[in-house]
Structures are given as C-alpha cells and as structure tokens.
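Throughout, protein chains are lettered first and strands after them, A, B, ... in sequence-line order, and every chain is numbered starting at 1.
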There are 2 protein chains.
Amino acid sequence: MKGDILDTEIPEPIRKQCESKGGIKGIAKALPDKKKLEEQSQIFQALSDPLRLKIMLALVEQPLCVCLIKEMLGPKISDSKLSYHINILKDAGLIDGQRQASWIIYAPTKPGKEAVKVAGRL
Amino acid sequence: MKGDILDTEIPEPIRKQCESKGGIKGIAKALPDKKKLEEQSQIFQALSDPLRLKIMLALVEQPLCVCLIKEMLGPKISDSKLSYHINILKDAGLIDGQRQASWIIYAPTKPGKEAVKVAGRL
DNA sequence: GGACTATTTCAAGTTTATTTGAAATAACAT
DNA sequence: ATGTTATTTCAAATAAACTTGAAATAGTCC
C-alpha cells in the first residue's frame, strides 16, 4: 500500500547515509549552483570532441598558429572546420590567440592547461 | 612568391620551438591515438550536460538509487529523461549500478571520481 | 499468479552541434 | 592600390543529442 509507514520505500543503508549528510535536500544544497554547473559543463563540452581534445593536447605541448595546427591534424581538414573548433575552445576559455604578424598563435590558458591535465588520468 | 626560400612561411620562434620537439610530426606522434582520444572525449561528453554533472557530483557525495537521484533533482524531471542521462554516464564508465532488492543503486567508478574532482578546479 | 513499484526502452518530435563551401577580413608584400 | 596568404564568418545542409509520453521489464509483496 501507499499510505504505509514508509520504511521500505528506500533502501535502508542508503537512507541512513543520506540522513547523516542532511538528507537528500542537504546533499542537493551543497552542490554548485545552476550557473556554476553550466560553466563547468561548457568546459567539458569543449573537450567532448576528439578533434578538439587533440588540438588542446598539442597546444599544451607547443603553442601553434592555425596553419600549423592544420598541418598537425592532417591536410584533409578544411579551414572553416578548424576555425569552428578553435572558436569553441576559445569561447570556453581554454585557449587564447595572439596575433603575430600574419599569424594568430594559439596557446592554452591556465584553466585550459588544468583541464587537459585531467585527460591523462582518465 | 610561392617558390621562395621559405623563411617567412611560419613565425620564426614557433618554428624553432617546434623543431626542438621533433617538428609538427613529432608533436603529433606523441599525442594519444585515435581510440584513446575517443574514449577520453566520450568522458568529457558525458560531463558536458549540467544535469549529468550535477548527478555525478551528488553520487560522489553519496551513492543513490534512481528514485533518490530524482528527488535530489526535483520532482519535474521525468523517469525516462533521468534514465537516459544515467545511461550516458554509465556508458562512459563514470558510474556503475548495483541492484539491491527493488532498487538500483548508482555509485561513481574510480575514473568517475577522478573526472569529477577536476570540475572543482575549473 | 496478480497488483505494485522501480527502472528502462522505444519511437517520434525538437533542439543543438557539426560539416561544407563560398565569401569576407585582415595583415603583409609589391 | 593590387595580389597573396592566413584566418574567420556566414548560410545551408547534415548529423547527433535531448525531450516526451507511452509501453515494456524486472523485482517485490500479498
């Protein structure tokens, strides 16, 4: 029945563990807020494509201009495609570009380096 | 002209730095292979949604059955939606479910814990 | 077995991400 | 100014991710 003393509604050990942490609401309240979650998940989103991850890993080794990133990825990739992906990394704050004469040289930001360091441990 | 001695084709300092690392090809060769990049980016992909990130952060604090995850997220979320997202985390190897009587209790795997630890640093 | 609860699966629709090719910008060299 | 190279932007097409509601499974309780 529904109206019973709700003992069996939830696994016992879990219920006790939850209560020692302020219950489900207590656990929920301790988590980052909506805005923070969105920021963090955007960073993960930027790294969620093998191509972009590869670009990040290369830039951590060595800052590069777009044409060298292109060479590193192989000749098949189009400029507009590459630019699209670079832009996603830039918007997420993981890389930053600096103009140098004809070229724009991209390098990882500090959070960019941090984020990539993790990948190695996964 | 195109046929010149190619000195100005690439920023000088970058070219030198690259060469000390085996050139662009040397840098590319030191990166993880296709399969590894796909695995790692799948993990980032799994964390690229605020809802899933929130679920992960909660499970790191406390393993929970689906109905408690649902309670934690608020009553509005549908069962099928929740199940969909849980499944993405499971497929990425970030969580693991264990049946206990009526319930399935999800807990982060070791890589799951590692991955979430990063989020805090971003 | 039959009713009930927890969870998953499925298919259809919607939204978001990605690719493509062409055109635009920006800097540099002549 | 013109031409050239590096890079970005745009719009249209394609593909992938996400949401929804209904139906299916699987376990528990009587």
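- Using a 4.0 Å cut-off, some side-chain N or O of B/Gln45 falls inside it from OP1 or OP2 of D/dC18.
- A continuous path of Ile, Leu, Val, Met, Phe, Trp and Tyr side chains, each step under 4.5 Å between heavy atoms, connects B/Val60 with B/Val118, placing both in one hydrophobic cluster.
- Using a 4.0 Å cut-off between a side-chain N of Lys or Arg and a carboxylate O of Asp or Glu, A/Glu12 and A/Arg15 qualify as a salt bridge.
- Residue A/Ser83 is in base contact, counting any heavy-atom pair closer than 4.0 Å across all strands shown.
- Using a cut-off of 4.0 Å between Lys/Arg side-chain N and Asp/Glu carboxylate O, B/Asp96 and B/Lys90 are scored as not salt-bridged.
- Checked by atom type and distance alone, the side chain of B/Glu114 never pairs as donor or acceptor with a backbone atom of A/Leu122 at under 3.5 Å.
- Interface remark: the B/Ser80 side chain does form a donor-acceptor pair with the D/dG21 base, using a distance-only criterion of under 3.5 Å.
- With the nearest nucleotide of DNA chain C identified for both A/Ile88 and B/Arg99, B/Arg99 has the one nearer the 5' end.
- Between D/dT8 and A/Tyr106, a contact under 4.0 Å exists linking OP1 or OP2 to a side-chain N or O.
- Rounded to a whole Å, the CG atom of A/Leu82 is 15 Å from the P atom of C/dG21.
- Side-chain atoms of B/Ser48 come within 3.5 Å of backbone N or O of B/Gln45 as a donor-acceptor pair.
- Look at CG on B/Leu73: it is 15 Å from C1' on D/dC18, rounded to the nearest Å.
- Between A/Gln42 atom CD and C/dT16 atom C1' there is a gap of 14 Å when expressed in whole angstrom units.
- Distance CZ (A/Phe44) to P (C/dA17): 17 Å, rounded to an integer number of Å.
- For A/Tyr84, counting side-chain heavy atoms from C-beta on, the closest listed nucleotide (C/dA17, D/dT20, D/dT7) is C/dA17.
- Atom P of nucleotide D/dT5 and atom CD1 of A/Ile104 are separated by 17 Å, given to the nearest angstrom.
- Distances shorter than 4.0 Å separate some side-chain N or O of A/His85 from OP1 or OP2 on C/dT19.
- Distance CG (A/Leu89) to P (D/dT7): 15 Å, rounded to an integer number of Å.
- Remark: C1' of D/dA6 and CD1 of A/Ile69 are 12 Å apart, rounded to the nearest angstrom.
- The side chain of A/Ala101 sits closest to C/dC28 out of C/dC28, D/dT19, C/dT18.
- The listed nucleotides are C/dT8, D/dT9, D/dT8; the one nearest the side chain of A/Asn87 is D/dT9.
- Following rounding to the nearest Å, B/Ile105 (CD1) and C/dT8 (P) show an atom-to-atom distance of 12 Å.
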